[in-house]
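Side chains are part of it too, since the values below use all heavy atoms of this structure and drop only hydrogens, waters and symmetry mates. This one's a predicted model, so the numbers in the text were calculated from it and none came from an experiment.
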Amino acid sequence: MPVIIVSSDLYRTGRDIAESAAGVLGYDLVGREILGKIAEKYGLPEAKLTQALDEGPSFLRRSSKLRHRYLAYIQEGTLFELRKGNVVCQGLAAHLYVLGVSHVLRVRILSDTEKRAGDLAAERNISPNKAKRLLDREKKSHQRWSMEAFQLDETDPSHYDLVISLSQIDSTEAVKIIRETASYPRFKPMTYSLHCMEDLVLSSRVKALLWERFPGIRVRADRGTLVIETAALKREKDKKAKAIKELAGKIPGVEYVEVHVVNHIFHPAPRSFR
């Protein structure tokens, strides 16, 4: 039940390759079609979820908590689909939050920059150099988005198992490379990796359900045990910790909840479990 996540510097390119890979492998495709179902579940306009994925850091600048709330909903809905296995996922930023799961193959597709610059120059009637500057600005915007949303630079190749440039490799060959790489034994689901995926599913569910009331929480799961980190004023610490424990403890799959209340939400998250 391997999982393949395809990301790209150009949405349409990544989508086309993800569709082809899913067809060749006989896998289901998990894409932005699921946003409608997620929006319905949480009573939101689907357009808000799409904006949270596409717009730069200036989107909803009055409340970054609102952006993170939408992303928490997308993360929960996406991971629910990925846990089934035999899927190719694209367009949902899953490459930034499915980490540490060995049966997940994360692929980065880089479009042909020269061709993109040429097409953009012709489309807007501008010089090739100006087109390249616009593309560079777009790349930096993607970097800022991923850093603000998940504290990861999505343009960093070290975050991927496979990086394919389409400068000299066409899309058909790229799909072949993905198919061959997915067959490697290291991407075969193992008991430990399946547990890691279940932990991600549970932590995302808890985060999505608690975020509106407790924005900024950090959640980590390990076989039913949760460590939740939040920020609060000193006089509110005990009350807030108790409320979080009560709510999280009612969620199916949760066996034990440990809450750490800090004065600043950006303190390092705890790593130990009881």
Side-chain angles (χ1 to χ4, degrees), residues 1-3 5 30 34 37-38 41-43 64-85 87 89 92-104 106 149-152 188-274:
M1 299 182 294
V3 172
I5 298 174
V30 176
I34 71 171
K37 183 167 60 175
I38 296 171
K41 177 179 179 179
Y42 290 102
S64 64
K65 293 177 181 178
L66 190 57
R67 169 200 281 278
H68 284 86
R69 175 182 158 196
Y70 294 161
L71 291 175
Y73 296 159
I74 294 170
Q75 186 172 342
E76 189 264 343
T78 301
L79 285 167
F80 179 81
E81 298 295 329
L82 299 190
R83 74 191 298 190
K84 302 173 185 177
V87 299
C89 178
L92 297 164
H95 56 290
L96 297 171
Y97 50 81
V98 182
L99 308 175
V101 182
S102 62
H103 67 276
V104 173
R106 287 179 295 159
F150 295 100
Q151 294 77 56
L152 291 172
K188 181 180 179 181
M190 306 295 285
T191 300
Y192 177 74
S193 68
L194 292 172
H195 280 309
C196 288
M197 178 64 82
E198 289 299 326
D199 288 341
L200 287 177
V201 170
L202 180 58
S203 62
S204 70
R205 183 185 305 136
V206 172
K207 184 177 179 181
L209 292 176
L210 269 61
W211 186 272
E212 185 172 5
R213 182 172 174 183
F214 303 105
I217 61 170
R218 290 178 174 179
V219 184
R220 182 168 173 254
D222 185 3
R223 312 287 180 88
T225 293
L226 298 179
V227 168
I228 300 177
E229 184 181 8
T230 188
L233 297 174
K234 187 175 182 180
R235 64 177 180 271
E236 299 174 344
K237 290 175 66 174
D238 292 342
K239 181 180 179 181
K240 192 170 186 180
K242 181 180 178 180
I244 290 175
K245 274 192 174 184
E246 288 181 352
L247 287 175
K250 296 176 182 178
I251 296 174
V254 175
E255 298 178 6
Y256 175 80
V257 182
E258 183 176 324
V259 179
H260 295 257
V261 184
V262 297
N263 294 325
H264 196 287
I265 193 59
F266 295 109
H267 281 188
R271 291 292 180 182
S272 63
F273 288 86
R274 291 182 182 176

(request) Please report the shortest heavy-atom distance between Gly100 and Cys196, naming the atom on each side. (result) O-SG, 3.8 Å
(request) Apply side-chain hydrogen bond (donor to acceptor under 3.5 Å, both in side chains) to Tyr97 and Thr78, showing your working. (result) CA-CA 10 Å; Tyr97 50 81; Thr78 301; 3.3 Å; yes
(request) May I ask you to test the Leu194-His103 pair for a side-chain heavy-atom distance under 4.5 Å? (result) yes
(request) Would you indicate whether the side-chain heavy atoms of Met197 and Val104 approach each other to under 4.5 Å? (result) yes
(request) Find the distance between CG (Asp222) and CD (Glu255) and round it off to the nearest 0.5 Å. (result) 10.5 Å
(message) Would you say CD of Glu236 has more than 12 non-hydrogen atoms from neighbouring residues, nucleotides or ligands within 6.0 angstrom?
(response) yes
(message) Please check if the number of heavy atoms outside Phe150 that lie under 6.0 Å from its CZ is greater than 12.
(response) yes
(request) Please report the shortest heavy-atom distance between Leu99 and Leu200, naming the atom on each side. (result) O-CD1, 4.0 Å
(request) Could you please spell out the steps behind the salt bridge (Lys or Arg N to Asp or Glu O under 4.0 Å) verdict for Glu76 and Lys207? (result) CA-CA 8 Å; Glu76 189 264 343; Lys207 184 177 179 181; over 6 Å; no
(message) Ignoring hydrogens, what is the shortest heavy-atom contact between Tyr256 and Glu258? Give both atom names and the distance.
(response) CE2-CB, 3.9 Å
(request) May I ask you to test the Leu82-Val101 pair for a side-chain heavy-atom distance under 4.5 Å? (result) no
(request) Evaluate the side-chain contact (heavy atoms from CB on, under 4.5 Å) criterion for residues Ile251 and Arg205: first the C-alpha distance (whole Å), next the side-chain angles of each, then the deciding distance (0.1 Å), finally the verdict. (result) CA-CA 8 Å; Ile251 296 174; Arg205 183 185 305 136; 3.8 Å; yes
(request) Might you point out which heavy atoms bring Pro2 and Pro189 nearest each other, and give the distance in Å? (result) N-CG, 3.8 Å
(request) State, to 0.1 Å, how close Ala241 and Val261 come at their nearest heavy-atom pair, and which atoms those are. (result) CB-CG2, 4.0 Å
(message) Would you compute the distance between atom CD1 of Ile38 and atom OH of Tyr42 and round it to the nearest 0.5 angstrom?
(response) 8.0 Å
(message) I need the minimum non-hydrogen distance between Glu246 and Lys250, along with the two atoms involved.
(response) O-CG, 3.3 Å
(request) Check whether any side-chain heavy atom of Thr230 sits under 4.5 Å from a side-chain heavy atom of Lys240, and report yes or no. (result) yes
(message) Nearest 0.5 angstrom please: Leu96 CG to Arg106 CZ, how far?
(response) 8.5 Å
(request) Enter the distance from Leu79:CG to Leu92:CG here, rounded to the nearest 0.5 Å. (result) 10.0 Å
(request) Kindly compute the distance separating CD1 (Ile217) from NE2 (His68), expressed to the nearest 0.5 Å. (result) 12.5 Å
(message) Tell me if a side-chain donor or acceptor on Trp211 pairs with a main-chain N or O of Lys65 at a distance below 3.5 Å.
(response) yes
(message) Let's go through Leu202 and Leu226 carefully: what are the C-alpha distance in whole Å and the side-chain angles of both, what is the deciding distance for side-chain contact (heavy atoms from CB on, under 4.5 Å) to 0.1 Å, and is it a yes or a no?
(response) CA-CA 9 Å; Leu202 180 58; Leu226 298 179; 4.2 Å; yes
(request) Side-chain contact test, heavy atoms from C-beta onward, threshold under 4.5 Å: evaluate it for Arg220 versus Arg218 and give yes or no. (result) no
(message) For a 4.5 angstrom cut-off between non-hydrogen side-chain atoms, does Glu198 reach Arg83?
(response) yes
(request) Please examine the side chains of Phe214 and Ile228, heavy atoms only from C-beta on, and report whether any two atoms are closer than 4.5 Å. (result) no
(request) Check whether any side-chain heavy atom of Val206 lies under 4.5 Å from a side-chain heavy atom of Val257, and answer yes or no. (result) no
